[in-house]
Amino acid sequence: PTANQHQTPVNPFDISVLGSGAGFRTALIDQQGNIYVGTLGSGLFWIPAGTNKLIRHPVRMMGLDLKSVKIWALAEDRQGNIWVGCQQHGVLMIPNRQSRFTSWSFAAQKRDIGTYVSSVCPGEDGIVWCTVQYKGVFGFNADGDIVANPQAPDGAEVIYRNDQNEYWLGTRNGLFEYNPLTGKSRLLTNYACDKFNAVVDDGHGHLVISAFSKGILVYDKAQRTMAHYDMNDPEDAVNGRLCNNWVLTMTTDRE
């Protein structure tokens, strides 16, 4: 073209995420225009249709860390499902239609927790915090990767965050103020119970806590006092009383 003519440059694909040492093994363009890239030891990447940036594909497989797998072959079937051949790990299918539900696995990231997730709460910047019974607090990022395991009080069983971005931890022995970003905690009150199942902020200055087998506790944040309610309390003419002490979970209504 002459100097007076304008030509729109072609925007090259950005593959910087792979770094200089990555090796390509195979690639595929599907019916939707997505480009899949299989690497030698770094897993599966893709360039979604309409973009030019190579990113890690979000697919997950229980018991397998796809970030370190050699992707040996890629194919698409007539229904638009993508088939991924993983060297020494078998074949993985990525369905054409994304499932409404998926899972984030500790095992897939080579974390043997040996117990169960006892509570979950949203954090900031897409992070999700959870407590694992007897193992503490863990943070997952928006892609489901474990990115944090901050210090926490022993026996942490429930983590809760309110609308003011304040966090609390409940253990078998008490209630703690908590900061998952720093791991710092402060004991607010002692109360021994079989299990703290749930914590809810009522929006009126109180934390309502399920002390499993012992009813509910109401912590006044301003007065720093704790009240206890259980099925053995006298019947209240207006509010009645708890029908049993084994409260599993709670939520607030619009009032």
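Being a predicted model, the structure only gives us computed values, none of them experimental. Here, residue 1 is the first one in the sequence, and each next residue gets the next number.
- Placement of L74 and L40 in two distinct hydrophobic clusters is found when ILVMFWY residues are connected by side-chain heavy-atom separations under 4.5 Å, directly or transitively.
- Contact of the W104 side chain with the N141 side chain is not registered, since no non-hydrogen atoms from C-beta on lie closer than 4.5 Å.
- Q88 CD: 12 or fewer foreign heavy atoms inside a 6.0 Å radius.
- Across all non-hydrogen atoms, the minimal contact from Q133 to S118 is N-OG, 4.1 Å.
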Report the C-alpha distance between N162 and Q164 in whole Å, list the side-chain angles of each, state the deciding distance to 0.1 Å, and finish with yes or no for side-chain hydrogen bond (donor to acceptor under 3.5 Å, both in side chains).
-> CA-CA 5 Å; N162 68 4; Q164 288 72 50; 3.2 Å; yes

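- You'll find the side chain of C86 stays beyond 4.5 Å of the side chain of V91, heavy atoms only.
- Using bins of under 30°, 30° to 60° and over 60° for the plane-to-plane angle, the ring pair Y36/W46 lands in the tilted bin.
- The CG atom of D30 sits 9.5 Å away from atom CD1 of I35, with the distance rounded to the nearest 0.5 Å.
- For N232, the CG atom counts as densely surrounded, since its 6.0 Å shell holds more than 12 non-hydrogen atoms of other residues, nucleotides or ligands.
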What side-chain donor-acceptor pairs closer than 3.5 Å can you find for residues 208-220, not counting sequence neighbours?
residue	atom	partner	partner atom	Å
S210	OG	V247	O	2.4
S213	OG	D194	OD2	2.8
K214	NZ	A192	O	3.2
D220	OD1	A222	N	3.0
D220	OD1	Q223	N	2.9

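- Side-chain rings of F140 and F106 approach one another, their centers coming within less than 6.0 Å.
- Counting heavy atoms of neighbouring residues, nucleotides and ligands inside a 6.0 Å radius, atom CD of Q109 exceeds 12 of them.
- The shortest non-hydrogen separation linking S119 to E157 is OG-O, 3.7 Å.
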Can K67 and D145 be said to form a side chain to side chain contact (heavy atoms under 4.5 Å, CB included), step by step?
-> CA-CA 11 Å; K67 291 182 178 180; D145 299 317; 3.0 Å; yes

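- Between the CG atom of D163 and the CG atom of N165 there is a distance of 8.5 Å, given to the nearest 0.5 Å.
- Minimum heavy-atom separation, P122 to Y167: O-OH, 4.0 Å.
- The backbone N or O of A49 sits nowhere less than 3.5 Å from a side-chain atom of Q32 that would complete a donor-acceptor pair.
- L242 and M250 fall within the same hydrophobic cluster, where Ile, Leu, Val, Met, Phe, Trp and Tyr residues are linked whenever their side-chain heavy atoms come under 4.5 Å apart, directly or through other members.
- For the pair R161 (side chain) and G123 (backbone), a donor-acceptor distance under 3.5 Å is present.
- Interatomic distance, D233 CG to N239 CG, rounded to the nearest 0.5 Å: 11.5 Å.
- Rounding to the nearest 0.5 angstrom, the gap separating the CG atom in L187 from the CG atom in L169 is 11.5 Å.
- Heavy-atom contacts from other residues, nucleotides or ligands closer than 6.0 Å to CG of D77 number more than 12.
- If you chain together hydrophobic residues whose side chains sit under 4.5 Å apart, I29 and I47 fall into the same group.
- Using a 4.5 Å cut-off on side-chain heavy atoms (C-beta onward), N34 and I82 make no contact.
- Here the closest non-hydrogen pair linking I71 and T26 is O-CG2, 3.8 Å.
- Using a 4.5 Å heavy-atom threshold, the side chains of R186 and L188 count as touching.
- In the hydrophobic clustering of ILVMFWY residues, with side-chain heavy atoms under 4.5 Å counting as a link, I127 and V120 come out apart.
- The two residues P150 and Y178 have their closest heavy-atom pair at CG-OH, 3.4 Å.
- Across every non-hydrogen atom of P153 and T171, the tightest pair is CB-CG2, 4.2 Å.
- Residue K135 is tested with D112, T115, V117, N149 for a side chain to side chain contact (heavy atoms under 4.5 Å, CB included); the sole match is T115.
- Using a 4.5 Å cut-off on side-chain heavy atoms (C-beta onward), M93 and N81 make contact.
- Under the 4.5 Å side-chain heavy-atom criterion for Ile, Leu, Val, Met, Phe, Trp and Tyr, W83 and W72 are members of distinct hydrophobic clusters.
- Under the 4.0 Å criterion applied to side-chain N and carboxylate O atoms, D143 and R56 are not assigned as salt-bridge partners.
- Side chain of N245 to backbone of M231: a donor-acceptor contact under 3.5 angstrom is found.
- Taken to the nearest 0.5 Å, the CH2 atom of W129 stands 5.5 Å off from the CG atom of L181.
- In this structure, C121 and Y160 have side chains that are not in contact, with every pair of non-hydrogen atoms separated by 4.5 Å or more.
- Residue D253 qualifies as enclosed at atom CG: its count of foreign heavy atoms under 6.0 Å is above 12.
- Looking only at side-chain heavy atoms (C-beta outward), E166 and K221 come within less than 4.5 Å of each other.
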